[in-house]
Amino acid sequence: MDTSKIVKLQDISLQNNKEIDEKYIQNYLANEPGVLGLGDLVLLAKEKIQPKAGRLDLLFQDSDTDRRYTVEIQLGKTDESHIIRAIEYWDIERKRYPQYDYCAVIIAEDITTRFLNVIQLFNGQIPLIAIQMNAFKIDDKIGIKFIKILNEVKYDIEPPLVEPTNRKYWEEIKSTKEIVILADRILGIINEIEPNFELNYNKHYIGLSRNGIPFNFVIMGAKKNFLRLDFKLEQNGETENLFIENELDVLDYNTKSNRYKIRLTGSEIDHKREIIKELLKKSYEYFK
């Protein structure tokens with residue numbers, strides 16, 4: 001068998017390379033952020049000055065979700081100072097501009113098992129991604145592969161396990177009969193998308209079940225004057241535009257559970273039924 005088309009790559013160390021330094025990698029990523037595999041990134045800043053804390057190597061923003069990534073680069077092995085610096089810059093940026101969601105990114109040639117374990121201690125509490133650079137010599141050029149070896153941990157946070165209640169509890173104590181009927185109407189829309197769903201009454205929320213099994217792609221909170229709808233859906237520009245264009249009242253987006261919270265009244269369910277159905281369908285597809 002002819003194997004001449006396969007070339008054996010020669011591993012090289014960027015740290016020991018005289019032509020390529022950290023600044024060179026920084027400029028390369030500033031021009032080609034797509035190689036990191038983090039989405040459609042736009043460069044916001046390079047070597048951004050941090051008050052009393054040095055300079056942030058790169059700051060990117062996802063063009064779809066507006067999420068921001070604070071990126072720290074290190075040639076050779078990662079070390080304590082690299083990790084601390086990456087977390088410190090992430091913390092400074094999120095406090096200065098709290099309207100954005102931030103994730104810290106550590107890039108190094110060698111992320112050892114020891115430091116990977118240290119990084120994992122923070123992950124889940126601090127959104128953090130670790131990317132390893134592998135460099136190869138190809139003729140007179142250098143190829144670099146960026147491999148994500150530690151992804152951000154996103155806990156799928158469901159409502160806490162609580163004691164079950166019944167409809168009467170929601171109609172007479174937590175809310176009113178009129179508002180609970182709105183939950184029935186949302187259930188009717190859901191069963192048009194996928195049949196056999198039922199309301200599942202718990203102490204702190206009204207969930208969903210199908211064939212007796214909880215299936216909470218949507219949960220509801222019946223208040224005194226409105227119904228709060230929490231549905232699982234990725235935050236992105238397309239979804240945000242749907243809310244804006246249809247004048248839906250978005251209360252919050254939880255980045256840990258990936259749930260939107262919107263406020264609905266009976267008249268809104270009447271007049272905005274189709275967009276509510278579209279969002280519920282998107283949520284169902286995303287959840288399953």
Side-chain angles (χ1 to χ4, degrees), residues 14 21-133 144 146-157 234-237 240 252-259:
L14 294 176
D21 56 14
E22 188 175 301
K23 196 173 187 67
Y24 195 101
I25 299 297
Q26 188 184 101
N27 289 329
Y28 171 67
L29 291 177
N31 293 321
E32 299 288 344
V35 298
L36 295 177
L38 299 177
D40 186 12
L41 301 184
V42 176
L43 178 68
L44 295 182
K46 186 168 60 174
E47 293 197 4
K48 185 177 181 181
I49 297 174
Q50 304 293 303
K52 301 179 181 179
R55 294 174 183 265
L56 170 63
D57 285 342
L58 296 165
L59 177 63
F60 292 111
Q61 181 167 307
D62 190 305
S63 61
D64 293 324
T65 66
D66 286 341
R67 191 177 206 210
R68 293 186 170 186
Y69 294 88
T70 57
V71 177
E72 274 300 293
I73 303 164
Q74 181 162 318
L75 303 187
K77 292 183 179 181
T78 190
D79 55 28
E80 297 95 330
S81 63
H82 187 206
I83 296 172
I84 292 170
R85 193 165 62 247
I87 293 173
E88 185 178 21
Y89 293 165
W90 164 82
D91 189 50
I92 291 171
E93 287 294 317
R94 74 184 184 93
K95 286 178 178 176
R96 291 177 69 186
Y97 306 100
Q99 69 270 35
Y100 295 101
D101 179 31
Y102 283 87
C103 180
V105 180
I106 290 175
I107 299 176
E109 284 188 87
D110 185 6
I111 302 178
T112 63
T113 302
R114 177 191 171 201
F115 288 110
L116 194 59
N117 291 336
V118 172
I119 293 170
Q120 285 175 322
L121 293 176
F122 296 110
N123 213 346
Q125 305 301 318
I126 297 172
L128 195 151
I129 293 171
I131 295 176
Q132 184 164 291
M133 295 184 288
I144 303 176
F146 294 87
I147 302 171
K148 192 186 299 182
I149 62 170
L150 179 67
N151 208 348
E152 175 189 359
V153 174
K154 287 189 176 180
Y155 294 113
D156 187 11
I157 301 175
E234 183 181 3
Q235 187 181 35
N236 56 44
E240 295 288 335
D252 184 30
Y253 182 80
N254 189 314
T255 56
K256 290 185 178 180
S257 63
N258 288 5
R259 284 187 182 271

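We're numbering straight along the sequence, starting at 1.
- The two residues A86 and A104 have their closest heavy-atom pair at O-CB, 4.1 Å.
- Listed by chain and number, the residues in a salt bridge (charged side-chain N to carboxylate O under 4.0 Å, His left out) with K46 amount to none (sequence neighbours excluded).
- Atoms CD and CD, on E72 and E88 in that order, are 10.0 Å from each other to the nearest 0.5 Å.
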Item to check | Criterion side chain to side chain contact (heavy atoms under 4.5 Å, CB included) on I25 and I107, from CA distance to verdict | outcome: CA-CA 10 Å; I25 299 297; I107 299 176; 5.8 Å; no
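- For the atom pair D110 CG and M133 CE, the distance stands at 10.5 Å (nearest 0.5 Å).
- Between I131 and I111, the closest heavy-atom pair is O-CD1, 3.7 Å.
- Among all heavy-atom pairs drawn from E32 and V35, the shortest one is O-CG2, 3.1 Å.
- With sequence neighbours left out, R68 forms a side-chain contact (heavy atoms from CB on, under 4.5 Å) with L44, L59, Q61, Y97, Y100, Y102.
- Residues W90 and L128 have side chains not in contact (no heavy-atom distance under 4.5 Å, counting atoms from C-beta outward).
- Although no hydrogens or angles enter the test, the distance criterion places a donor-acceptor pair under 3.5 Å between the side chain of Y253 and the main chain of Q235.
- In this structure, the salt bridge (charged side-chain N to carboxylate O under 4.0 Å, His left out) partners of E93, at least two apart in sequence or on a different chain, are K48.
- Contact of the L36 side chain with the I129 side chain is not registered, since no non-hydrogen atoms from C-beta on lie closer than 4.5 Å.
- The line from CD1 of I73 to CG of L58 is 4.5 Å long, rounded to the nearest 0.5 Å.
- Of all the heavy atoms in G76 and A108, the pair that sits closest is O-CB, 3.9 Å.
- Taking the side chain as every heavy atom from C-beta outward, I144 and L14 approach each other to under 4.5 Å.
- The structure places CZ of R259 at 15.0 Å from CD of E234, a figure rounded to the nearest 0.5 Å.
- Side-chain atoms of H82 do not come within 3.5 Å of backbone N or O of I106 as any donor-acceptor pair.
- Partners of K77 according to the salt bridge (charged side-chain N to carboxylate O under 4.0 Å, His left out) rule, which considers only residues two or more places apart in sequence or in another chain, do not exist here.
- Under the rule for a salt bridge (charged side-chain N to carboxylate O under 4.0 Å, His left out), the partners of D91 that lie at least two apart in sequence or sit in another chain are R94, K95.
- Counting only residues at least two apart or on different chains, no salt bridge (charged side-chain N to carboxylate O under 4.0 Å, His left out) pair has a member in residues 54-63.
- The two residues Y69 and V105 make their nearest non-hydrogen contact at CD2-CG2, 3.8 Å.
- The distance from the OG1 atom of T70 to the OH atom of Y89 is 10.5 Å, given to the nearest 0.5 Å.
- Separation of atoms CZ (R67) and CG (L41) is listed at 11.0 Å; rounding is to 0.5 Å.
- At a threshold of 4.5 Å between non-hydrogen side-chain atoms, the residues F60 and L38 do not count as touching.
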